[in-house]
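This report concerns only the one structure given below.
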Amino acid sequence: MDIPAITRAIAQAESVVALTGAGVSAESGVPTFRDAQTGLWARYRAEDLATPEAFARQPRVVWDWYAYRRKLVAEAQPNPAHRALAALEDRVPAVTIITQNVDGLHQRAGSSRVVELHGNLSRVRCASCGRVAASWTEPPVPPHCPACNGRLRPDVVWFGELLPRQALAEATTALQVCNVLLVIGTSALVEPAASLPLLALRHGAVVVEINPAPTPLTPFVTASLRGLAGVLLPQVVG
Ligand code: BV8
Ligand code: ZN
């Protein structure tokens, strides 16, 4: 299926879903999980820091890593890939963005229906009472919950933690009815996100992958476009 045929399938669709990973934010200057960590974070592996064990063992290091990423994201701008997905809403009756990213760039690009499978690093959550907040006072680092004095943590899903039930339910529903699924910038390695495209494949949706590299999903999709999301998505969306 070539790009014009994909553009036609999108134009005729009632419902389009995009499942995005770190690759959709790469051209905004936000490093992907697989990219080697830079600077003072070079000696840590992201998978080792994004865990409850790391936060329990070295809360300050984990908190500072998120503070560093929060600053990176605040200075980043949505790129043509985020904007092309936001523009889809003017053409397709139902558009759902299901993202593994925690950077909030889809919302900043104007997408109105974004399902955050792995949370958002601009929010914090109390590890004791679960209260979610978008602001906090430092010191101490990590800060304490104003309601119960428990320890605050980034409102993201770490490895070994369950995904938010509500987000998974919304993602599943959208994928079961979509006509077209775009899988953009994900290595398709992290579960359960990596298995979600099967829900669309199962009912015969057109599934298009956009990634400079092949992934475990590539053999199963309708079309796999080799290239950068910021270049290909504006062409595909038309
Ligand atoms: C769960 C938030 C039930 C935090 C993230 C063994 C032990 C314990 C657990 C497991 C295990 N085996 C499997 C598991 C389950 C585990 C898992 O899948 N592990 C993997 C590594 C094997 N999953 C979990 O733990 C999940 N929870 O399963 O609960 C459970 C409970 C207990 C025990 C078992 C199971 C929770 C997973 C969520 C983790 N949190 N993020 C934070 O961000 O700090 S995941 C994080 O990594 C990202 O959110 C993202 O999802 C993932 C990285 O993946 P991608 O987004 O795909 O990014 P990546 O860098 O990998 O790839 C970028 C892609 O973009 C590449 O393909 C590249 O080619 C492409 N690209 C680059 N540039 C561009 C581009 N594409 C387009 N354009 C470009 N310009
Ligand atoms: Zn609390």
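Numbers here are sequence positions counted from 1. Atoms within each ligand, like the ligands themselves, are counted from 1 in listed order. Excluded from the calculations below are hydrogen atoms, water molecules and symmetry mates; all remaining heavy atoms, backbone and side chain alike, are included.
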>> Under 4.0 Å, counting heavy atoms only: does Pro212 come that close to any atom of ligand 1?
In response: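 Pro212 counts as a contact of ligand 1 under the 4.0 Å cut-off.
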> Hey, does Arg69 sit under 4.0 Å from ligand 1 if you only count heavy atoms?
Replying inline: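 It does; at least one heavy atom falls under 4.0 Å.
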Does the protein come close to [atom] - that is, does one of its heavy atoms sit below 4.0 Å from that atom?
atom	answer
atom 32 (C) of ligand 1	yes
atom 44 (O) of ligand 1	yes
atom 35 (C) of ligand 1	no
atom 7 (C) of ligand 1	no
atom 13 (C) of ligand 1	no
atom 26 (C) of ligand 1	yes
atom 4 (C) of ligand 1	yes

Distance under 4.0 Å to a non-hydrogen atom of [X]: what atoms of ligand 1 satisfy this?
X	result
Glu27	78 (N), 79 (C), 80 (N)
Leu228	78 (N), 79 (C), 80 (N)
Tyr66	4 (C), 42 (C), 44 (O)
Gln100	48 (C), 49 (O), 50 (C), 51 (O)
Glu161	1 (C), 26 (C), 27 (N), 29 (O), 36 (C)

> Do the side chain of Arg108 and the main chain of Ala76 share a donor and acceptor less than 3.5 angstrom apart?
Replying inline: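 Yes, the answer is positive, given that a donor and an acceptor are paired below the 3.5 Å cut-off.
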> Is a side-chain N or O of Glu27 found less than 3.5 angstrom from the main chain of Asn79, in a donor-acceptor match?
Replying inline: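 Such a contact is absent between Glu27 side chain and Asn79 backbone.
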For [atom], what's the nearest protein heavy atom and its distance?
atom	answer
atom 21 (C) of ligand 1	Phe159 CE2, 4.0 Å
atom 61 (O) of ligand 1	Arg34 NE, 2.2 Å
atom 40 (N) of ligand 1	Val157 O, 2.7 Å
atom 64 (C) of ligand 1	Gly185 O, 3.5 Å
atom 67 (O) of ligand 1	Asn211 ND2, 2.9 Å
atom 55 (P) of ligand 1	Ala22 N, 3.8 Å
atom 52 (C) of ligand 1	Val190 CG2, 3.6 Å
atom 28 (O) of ligand 1	Glu191 O, 3.9 Å

>> My understanding is that we take every heavy atom of each candidate and find the minimum distance to atom 62 (O) of ligand 1. Doing that for Ala193, Ser28, Ala46, Ser187, which one comes out nearest?
In response: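 Among Ala193, Ser28, Ala46, Ser187, the closest heavy atom to atom 62 (O) of ligand 1 belongs to Ser187.
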> Who gets closest to atom 77 (C) of ligand 1 by heavy atom: Ala50, Pro31, Ala229?
Replying inline: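 That would be Ala229.
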Are [X] and [Y] close enough that some pair of their side-chain heavy atoms sits under 4.5 Å apart?
X	Y	result
Val141	Asp64	yes
Arg202	Leu198	no
Leu49	Trp158	no
Leu201	Leu181	no
Ser28	Gln77	no
Val124	Arg153	no

> Mind checking whether His82 and His106 have parallel, tilted or perpendicular rings, split at 30° and 60°?
Replying inline: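 Rings of His82 and His106: perpendicular, as their planes differ by over 60°.
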> Using 30° and 60° as the class limits, which term best fits the ring planes of Trp65 and Phe33: parallel, tilted or perpendicular?
Replying inline: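 Because their plane-to-plane angle is over 60°, the rings of Trp65 and Phe33 count as perpendicular.
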Determine the minimum heavy-atom distance between [X] and [Y], stating which atoms define it.
X	Y	value
Ser128	Arg151	OG-N, 4.2 Å
Leu117	Ala171	CD2-CB, 4.1 Å
Val207	Ala200	CG2-CB, 4.1 Å
Val17	Ala174	CG2-O, 3.7 Å

> Transitively linked via ILVMFWY side-chain contacts under 4.5 Å: Val24 with Val30?
Replying inline: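 Val24 does not cluster with Val30.
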> Do ligand 1 and Gly160 have nitrogen or oxygen atoms that lie under 3.5 Å from each other?
Replying inline: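 By distance alone, the answer is yes.
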> Is there at least one pair of N or O atoms, one from Gly21 and one from ligand 1, spaced under 3.5 Å apart?
Replying inline: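 No, since none of the N or O atoms of Gly21 sits under 3.5 Å from an N or O of ligand 1.
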>> Whether Lys71 and Glu75 form a salt bridge (side-chain N of Lys/Arg under 4.0 Å from carboxylate O of Asp/Glu) is what I want to check.
In response: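 Yes.
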> At under 4.0 Å between heavy atoms, which part of Thr32 makes contact with ligand 1: side chain, backbone, both or neither?
Replying inline: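 For Thr32, the contact with ligand 1 is made by both the backbone and the side chain.
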>> Can you count the protein N/O/S atoms lying under 2.8 Å from the Zn ion (ligand 2), leaving waters out?
In response: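 Number of qualifying protein atoms: 4.
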> Does Arg70 make a cation-pi contact with Trp63 (under 6.0 Å, within 45 degrees of the axis)?
Replying inline: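 Yes; both conditions hold, so Arg70 lies above the ring face of Trp63.
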> Among Thr218, Ile210, Leu232, whose side-chain contact (heavy atoms from CB on, under 4.5 Å) with Arg226 holds?
Replying inline: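 It is Thr218, the one option of Thr218, Ile210, Leu232 that forms the side-chain contact (heavy atoms from CB on, under 4.5 Å) with Arg226.
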> For Glu14, does the CD atom sit with more than 12 other heavy atoms under 6.0 Å from it, leaving out its own atoms?
Replying inline: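 Count not over threshold, so no.
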